[in-house]
Amino acid sequence: KAGVTQTPRYLIKTRGQQVTLSCSPISGHRSVSWYQQTPGQGLQFLFEYFSETQRNKGNFPGRFSGRQFSNSRSEMNVSTLELGDSALYLCASSLAGQYYEQYFGPGTRLTVT
Amino acid sequence: QKEVEQNSGPLSVPEGAIASLNCTYSDRGSQSFFWYRQYSGKSPELIMSIYSNGDKEDGRFTAQLNKASQYVSLLIRDSQPSDSATYLCAVYGNKLVFGAGTILRVKS
């Protein structure tokens, strides 16, 4: 079974621009979660989508948004990029049942200059 | 108080020894507990999950859970240099919360 895929893998953007990242979950997984990972803050939860609905949200500003499509693929968008948004953005998918095992994609490395 | 706490390390063990990694959590309602391994420059990889008190073994890995003490641990037997990585403890209540990770170094 194919794993979680994320595109693009690397991205360089300028302050003030916006960016859209894409995630395709493992086949059959309906939950997709997004995380930001930085050396200083570790893995921080952004949001979770299940059946096209945002089920949970972390403590990030409104510049960070996401959505999920009917095929469970998900996108996250960051508007008005800041230097501090430079990070590894990870997507994880899950069956979202009782046991909630999440499987991560390879991540998108975003650099904001 | 952080929701999930881990000693950042580094924890250094000789090859062939047992590595013991520990994690405490604050939410008593937490239901599921996970250990992820993350190599430098890579994404986290799920290596163990545990849901009830006691021990769970999978190959060289043993996860231990004590809900009364709000404590989770991971034992790695016969540690190998390839086990050198950051180990992340994750706890699920109504969302998955990660600890900051423990760096493990296995010296050959």
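The chains referred to below are lettered A, B, ... by the order of the sequence lines, with proteins before strands, and numbering in each begins at 1. Atoms considered below: every heavy atom in the structure, side chains included; atoms not considered: hydrogens, waters and symmetry mates.
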So which of B:Phe34, B:Tyr51, B:Tyr92, B:Phe33 actually passes ring-ring contact (aromatic ring centres under 6.0 Å, His included) with A:Tyr100?
->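 Result for ring-ring contact (aromatic ring centres under 6.0 Å, His included) with A:Tyr100: B:Tyr92.
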
Taking everything shown except [X] itself, do over 12 heavy atoms lie less than 6.0 Å from its [atom1]?
{"X": "A:Arg63", "atom1": "CZ", "answer": "yes"}
{"X": "B:Lys42", "atom1": "NZ", "answer": "no"}
{"X": "A:Asn59", "atom1": "CG", "answer": "no"}

Pick one of side chain, backbone, both or neither for B:Glu45, based on which atoms fall under 4.5 Å of a heavy atom in chain A.
->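 Neither the backbone nor the side chain of B:Glu45 comes within 4.5 Å of chain A.
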
Please identify each residue that fulfils side-chain contact (heavy atoms from CB on, under 4.5 Å) with A:Ser51, with sequence neighbours left out.
->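 Testing A:Ser51 for side-chain contact (heavy atoms from CB on, under 4.5 Å), a comparison that skips the adjacent residues, returns A:Arg30.
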
Could I get the full list of side-chain contact (heavy atoms from CB on, under 4.5 Å) partners for B:Ser8, not counting sequence neighbours?
->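 Applying side-chain contact (heavy atoms from CB on, under 4.5 Å) to B:Ser8 gives none.
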
Using the rule that two of Ile, Leu, Val, Met, Phe, Trp, Tyr join whenever any of their side-chain heavy atoms come within less than 4.5 Å, decide whether B:Val91 and B:Met48 are in one cluster.
->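 Yes, B:Val91 and B:Met48 fall within the same hydrophobic cluster.
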
If you group Ile, Leu, Val, Met, Phe, Trp and Tyr by side-chain heavy-atom gaps below 4.5 Å, do A:Leu95 and A:Val32 land in one group?
->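 No.
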
Answer yes or no: is there a donor N or O on one side and an acceptor on the other, between the side chain of B:Ser43 and the main chain of A:Gly107, under 3.5 Å?
->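 Answer holds: no.
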
Ring pair (Phe, Tyr, Trp, His ring centres under 6.0 Å): which pairs involve residues 55-76 of chain A, sequence neighbours left out?
->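 Of all non-adjacent pairs touching residues 55-76 of chain A, those that pass ring pair (Phe, Tyr, Trp, His ring centres under 6.0 Å) are A:Phe60-A:Phe64.
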
With chain A as the partner chain, list the residues of residues 93-108 of chain B whose heavy atoms fall under 4.5 Å from it, by residue number, and write 'none' if nothing qualifies.
->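 Residues of residues 93-108 of chain B touching chain A at under 4.5 Å: B:Asn94, B:Lys95, B:Leu96, B:Phe98.
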
CD of A:Gln102 to CG of B:Leu46: how many Å apart, nearest 0.5 Å?
->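 CG of B:Leu46 is found 9.5 Å from CD of A:Gln102.
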
